[in-house]
Chemist: 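The structure's right below; bear with me while I get my questions together.
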Protein chains: 2
Amino acid sequence: MKNVADLAGVGIKTVSRVINREPHVSEETIARVRRAAEQLQYQPDIHAGNLRRADRRTDTLGLLVGSVANPFSAAVHRAVEDIALERHVAVFASSLDEDPERELSSVNAFLRRRVDGLILTTIQPSQAYLGAQLDQGIPIVFVDRRPHGIEADTVITENAEGASGAVEHLLAMGHRRIAYLGDDAKIFTARERKRGYLDTLRRAGVAPDARLMIDNLDDEAKASAAVADLLALDDPPTAIFSAQNLITVGVITSLRSAGASTRVALVGFDDVPMAALLEPAVTVVAQDPASIGEIAARRVFDRLDGLDEPARDFVVPTRLIVRGSGEIRPS
Amino acid sequence: MKNVADLAGVGIKTVSRVINREPHVSEETIARVRRAAEQLQYQPDIHAGNLRRADRRTDTLGLLVGSVANPFSAAVHRAVEDIALERHVAVFASSLDEDPERELSSVNAFLRRRVDGLILTTIQPSQAYLGAQLDQGIPIVFVDRRPHGIEADTVITENAEGASGAVEHLLAMGHRRIAYLGDDAKIFTARERKRGYLDTLRRAGVAPDARLMIDNLDDEAKASAAVADLLALDDPPTAIFSAQNLITVGVITSLRSAGASTRVALVGFDDVPMAALLEPAVTVVAQDPASIGEIAARRVFDRLDGLDEPARDFVVPTRLIVRGSGEIRPS
DNA sequence: CTGAAAGCGCTAACAC
DNA sequence: GTGTTAGCGCTTTCAG
């Protein structure tokens, strides 16, 4: 900046004024400073400026999602980026990988870099450790999973209701033996979806069968193996409710190779790529990751703009997409 | 930091030493400082420190990909993140959206935040504007597309060769009327893949037919419409080479709805989600996005560690995955 | 409309 | 082993 000032024959503060588009600088001076900056390829250092600036904004945001490679997370990320771009805010993106340590290290990495706000998917049993930052005015919005030990804005899918819808759909098709395949019960969404499944069965007077409920399915291969086990049962399920997108893919693969894909009904939670082009096409309870990301990002910026209201829960609706696999009737 | 120093009853520099794990501090003092830092919830400001530090590293990296929501880009991103994590480097991720303006604004956003290195997918006709940063010691690695007007490390897929492989495969199945469906020719990968297609046809003595080559397909819908047009031709193609993943999806949809998916052969460039589960399963020339991301990230860090050798071209191999759609013979 | 001086939170260089 | 001083690149404050 000093170099630019010297070259333009002005003081350092004038350069600062021009760069920050502050008023009270003559057109001519502005032009001269701009020319000098151009010539020296001057790039202002945002961090040096923010050191002394009143609001201390870094125009930066930290985003922690399940995995940047997962289609659901990627869609959330994209939505956040689009909103952030409008405000010239850059986003740090990280993957959680369901690792509690990673939650902590990512959050700390964000905080040391003085992000203006945080959008987080979490796995630690408690997020109370973030209370200080929240009080300190750093907006935090939790996405996809509800936090514990802290009151903060949260944007989640209507997990239990969506799962209920899926199970009701299968019940309406005449199924009574409906299997549940889900993630680790440590994960908020897995618990909620299972709750929806159980409640709906009970409401319908169907006694849940422990042999038809399988948890801890954290990859496709495990889901496939679980389906093989289910089909080998004396009285196998006539329908499957798969509570997560990767699990659904594993279920489809396994059903296919057992030749059971047109016999056993399937409804998945969260949409699956190419679902409409599969045979049978896959009926799903679709989430709306773009809305989740958008709502979360807007909330962060609203708070940054001074919004001061109690923490709020945003629940994003799901949508049952009927495509074929969920309309197979029990034989 | 001053507060921590006061609370611990030491000088500010001692706190700095403890935080940065510098030697020559007594165990006892370390313990005292740590306790004070804990108590005050002290978070060092990485940017303030880097202002004076000799190497001026921000432990931050800028990544620009096609779109964070595209599976190919997402896989590149994930690989970069994994490598960066090992070094406690955070990554800013942005989407290009094939918009030249966005390339410039993203790069500038990264630069103003003083990233240590850049991994970029570009669309501007020239990247000469980055010469100054490169000379200044900021490592830049171009991924997926070769830059122009600048000598820098580049990691790309063997586009022309992969396309050749696809077309040779179709020729070997007996096809002579092979259509090409591709992206905007402004895009490096689209040009390269088309070149591979054309060269291979010519080598085989097949005269390219302009009516069978369609460019500028930048979404699924356009690809679908293009296929419909092709099928309406007097002598329609017996095979299709689709040069990009979104286009392949559009082609499949269209072929399906025309009832031609088991009659017209298809080989896609870049793998498609669920490809193995479709009917027929989709033969593709698979790329290796994880390797691309990993090589690019390692290269950035090698340069940051002082590696000083001429810019290099890394070409990542493709792999033909035979699944069914590409093995349909002409009727 | 413009500039000089102080200071943001930290590290470098040097003293003790 | 520990503290002091200067200064990183910028904004703030205040004087002109």
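Proteins come first, then strands; the chains are lettered A, B, ... in the order of their sequence lines, and each starts at number 1. Scope of the values below: all heavy atoms of this structure, side chains included, with no hydrogens, waters or symmetry mates. Here the structure is a predicted model, which is why all the values come from computation and not from measurement.
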Chemist: Identify, between Ile30(B) and Ile19(A), the residue whose nearest nucleotide on DNA chain D lies closer to the 5' end.
Modeler: Ile30(B)
Chemist: Between Leu120(A) and Leu130(A), is any pair of side-chain heavy atoms under 4.5 Å apart?
Modeler: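 The answer is yes; the side chains approach within 4.5 Å.
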Chemist: Determine, for Asp305(B) against Arg87(B), whether the closest basic-nitrogen to carboxylate-oxygen distance falls under 4.0 angstrom.
Modeler: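 Counted as a salt bridge, because a side-chain N and a carboxylate O are separated by less than 4.0 Å.
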Chemist: Write down the distance between CG (Asp6(B)) and C1' (dG3(D)), rounded to a whole number of angstrom.
Modeler: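 Result: 13 Å.
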Chemist: Can you check the His24(B) NE2 to dA12(C) P distance for me, whole Å?
Modeler: 14 Å
Chemist: Rounded to the Å, how far apart are Arg113(A) CZ and dC10(C) P?
Modeler: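 Going from CZ in Arg113(A) over to P in dC10(C) covers 15 Å.
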Chemist: Mind running a 4.0 Å heavy-atom check of residues 31-54 of chain B against DNA chain D and sending the residues that fall below it, in number order?
Modeler: Leu51(B), Arg52(B)
Chemist: Indicate whether the side chain of Asn159(A) and that of Gln287(A) have a donor and an acceptor atom separated by less than 3.5 Å.
Modeler: no
Chemist: Mind calculating the distance between CG (Asp59(A)) and C1' (dC10(D)) to the nearest angstrom?
Modeler: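 Computing the Asp59(A):CG to dC10(D):C1' distance gives 15 Å.
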Chemist: Is any side-chain nitrogen or oxygen of Thr29(B) closer than 4.0 Å to OP1 or OP2 of dG1(D)?
Modeler: no
Chemist: Arg112(A) CZ to dC10(C) P: how many Å, rounded?
Modeler: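 Computing the Arg112(A):CZ to dC10(C):P distance gives 12 Å.
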Chemist: Phosphate oxygens OP1/OP2 of dC10(C): is one of them under 4.0 Å from a side-chain N or O of Ser16(B)?
Modeler: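 Negative; the distance criterion is not met.
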Chemist: When the distance from NZ of Lys13(B) to P of dC16(C) is rounded to whole Å, what number comes out?
Modeler: 18 Å
Chemist: Just N and O in the side chain of Thr14(A): are any of them under 4.0 Å from OP1 or OP2 of dG3(C)?
Modeler: yes
Chemist: Just the rounded figure in Å: distance from C1' of dA15(D) to CD1 of Ile12(A).
Modeler: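 Rounding to the nearest Å, CD1 of Ile12(A) and C1' of dA15(D) are 17 Å apart.
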Chemist: If you assign Arg17(B) and Asn20(B) each to the DNA chain C nucleotide with the nearest heavy atom, which residue ends up on the more 5' nucleotide?
Modeler: Asn20(B)
Chemist: Looking at Arg56(A) and dG9(C), is any side-chain donor or acceptor paired with a base atom of the opposite kind under 3.5 Å?
Modeler: no
Chemist: Salt bridge check, Glu309(A) against Arg299(A): does any charged N sit closer than 4.0 Å to a carboxylate O?
Modeler: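 A salt bridge links Arg299(A) with Glu309(A).
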Chemist: Salt bridge check, Lys186(A) against Asp218(A): does any charged N sit closer than 4.0 Å to a carboxylate O?
Modeler: no
Chemist: Counting just side-chain N and O atoms, does Ser26(B) come under 4.0 Å of either OP1 or OP2 of dG1(D)?
Modeler: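 For dG1(D), OP1/OP2 do not have a side-chain N/O of Ser26(B) under 4.0 Å.
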Chemist: From CD of Glu27(A) over to C1' of dT2(C), roughly how many Å is that when rounded to an integer?
Modeler: 16 Å
Chemist: Under a 4.0 Å N-O cut-off, is there an ion pair linking Glu38(A) with Arg34(A)?
Modeler: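 Not counted as a salt bridge, because no side-chain N and carboxylate O are separated by less than 4.0 Å.
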Chemist: Between Arg303(A) and Asp153(A) (salt bridge meaning N to carboxylate O under 4.0 Å), is one present in this structure?
Modeler: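 A salt bridge is present here (some side-chain N lies under 4.0 Å from a carboxylate O).
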